[in-house]
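What follows is a single structure, written as structure tokens, with notes after it.
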Amino acid sequence: MEVLTGWWDDYFWGAVIVAKVFIASLSLMILFGLIGAGAKLSNSRVAQKIAGAYTVIFRGTPEILVILLLYFGSAILLTSIAQIFNPEIKFVDVPPFWAGTIAISIIVGSYATETFRGAFLGVNPGSIEAARALGMSTLQTFIYIRIPEMWRIALPPFGNHMLSLIKDTALISIIGLNETLFVAKQAITVTGKPFTMYIVVGAIYLGFSSVITLAVMAIEKFGNRTTIDAK
Amino acid sequence: MDSMTDTETRPLIKMIKVNKFFGPFQALKNIDLEVYKGEKIVICGPSGSGKSTLIRCINRLEEHNDGNIIIDGIELTDKVEDIDAVRREVGMVFQSFNLFPHMTIAKNLMIAQQLVRKTPKAKAREIAMLYLERVKIPEQADKYPIQLSGGQQQRVAIARALCMRPEIILFDEPTSALDPEMINEVLDVMIDLARDGMTMVCVTHEMGFARSVADRVIFMDAGEIVEQAEPAEFFDNPENERTKVFLNQILSH
């Protein structure tokens, strides 16, 4: 393990970046998923079509390709916009953190769209009718009845989406984000020990995914307290 | 005439030539109905006769296609404020209870008070406990619906409707989903309410309840009100042939 001496802090900061990407992309992924599910369940044909295209495209293309296209695509787009105002500008650099975070949020968000859609449809229509009959408004019914019933249905598949997200963070190393896999590649060039360096990355990811799995189990237990017989 | 007599003589529910379609199927045909304060109405009829659709139109869980429905002076149209105003005054009890599964019993009774009536939490809890005592299950307040029997859940559902202090309560086959041994505990609560003067419209096949509690029994078939009469008259001397056939079927065994 002597080869690892001097690399621990690089791995640590790499892991911090993984955590940051995960937290940012988790929030965005939920947002994209809710918007996508809302569009699919809306009465607007246009919104349904757009959401349909969204899920078809991003569930049907390789994730690494989406990251590359979004990174270089946004850089080219921003460069040409910037050149309108100042022709001197040669290249606008997009931060890999945000390009990567947004890319994996869009990808996993397309899966979450289907999960959320199914969960909203799984809410007991009787609960909705009861709320309406009590005089609760559409918004109140949504916040107090639909969402609390829906997230319990969505949680198990949503846990899988979180695992996809954490693993997808490793793909962002390809556009130069200095997360753990990127650190490992640097360490390999210096030490020439690929197996050891990659094993460390694996251990870090396993640590993250274990924490996520345990968290999902705890939330599930909390959500299911209403269905556990405690008579 | 002064306004006092006006409110006393004006029907709480007035339906004028109401028609309702589901696609090409006509669920309600020219329904005329008036229900006055304190009246107990029982609606019966074969399945698919439109009885549930009728009461679901009263609080606009279903929209009628034409005719007029006026609840306590407010006509039901597309206006959301009017619909909400009517729903505040009309309670409903469903066949399948429809308690909110993720809330405790007490919270089930408090949520609409807090959100719709803007009752403060402590006061809402007090009212909730009052009505839980009335349906005789105050000890269940902090349990979840799944932990209660069907009969208990339905009593909670009645208490939830009562917490809103409605003028009218609609019952949509309240005992049809219950095991036989639980039917009476729910009927007892309904009889208690009736004695208290609550205006009630009940879709039910509990003919014993109809006979002892109803002021009027309405028989529906194929979307129409075929016959309506006081219970004694209705059960002992039904006029319409369809009513006779129906009564024979449900009372013969």
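From a predicted model like this one, the values you see are computed outputs, not experimental measurements. Within every chain, numbering begins at 1; the chains are lettered A, B, ... in the order of the sequence lines, protein sequences first and strands thereafter.
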If one checks every heavy atom of Leu115(B) against chain A at 4.5 Å, the contacting part turns out to be both
Tyr144(A) atom OH, over 12 foreign heavy atoms within 6.0 Å | no
*asked:* Tell me whether His102(B) contacts the main-chain N or O of Gly223(A) through its side chain, where contact means a donor paired with an acceptor under 3.5 Å.
replied: no
Ranked by heavy-atom pairs below 4.5 Å to chain B, first place among Arg152(A), Glu129(A), Met136(A) goes to Glu129(A)
Value for CG (Asn224(A)) from OH (Tyr144(B)), rounded to nearest 0.5 Å, stands at 11.5 Å
Is it the case that over 12 heavy atoms from other parts of the model lie below 6.0 angstrom from the CZ atom of Arg146(A)? no
Of the listed Arg160(B), Arg88(B), Arg60(B), the one with the largest count of heavy-atom pairs under 4.5 Å with chain A is Arg160(B)
Q: Begin from the C-alpha positions of Ile83(B) and Arg132(A) and carry the test side-chain contact (heavy atoms from CB on, under 4.5 Å) through to its verdict.
A: CA-CA 10 Å; Ile83(B) 296 171; Arg132(A) 306 296 284 136; over 6 Å; no
- Message: For a side-chain contact (heavy atoms from CB on, under 4.5 Å) check, start with the C-alpha distance between Leu134(A) and Arg117(B), then their side-chain angles and the critical distance, and finish with the verdict.
- Response: CA-CA 10 Å; Leu134(A) 285 163; Arg117(B) 292 268 189 236; over 6 Å; no
Correct closest heavy-atom pair for Ala133(A) and Asn59(B) would be CB-ND2, 3.7 Å
Okay, Val93(B) and chain A: the region with an atom under 4.5 Å from a heavy atom over there is neither
What one should report as the nearest heavy-atom pair of Ala130(A) and Phe94(B) is CA-CE1, 3.7 Å
Residue from Ile145(A), Asn124(A), Thr138(A), Ile128(A) scoring the most non-hydrogen pairs under 4.5 Å with chain B is Ile145(A)
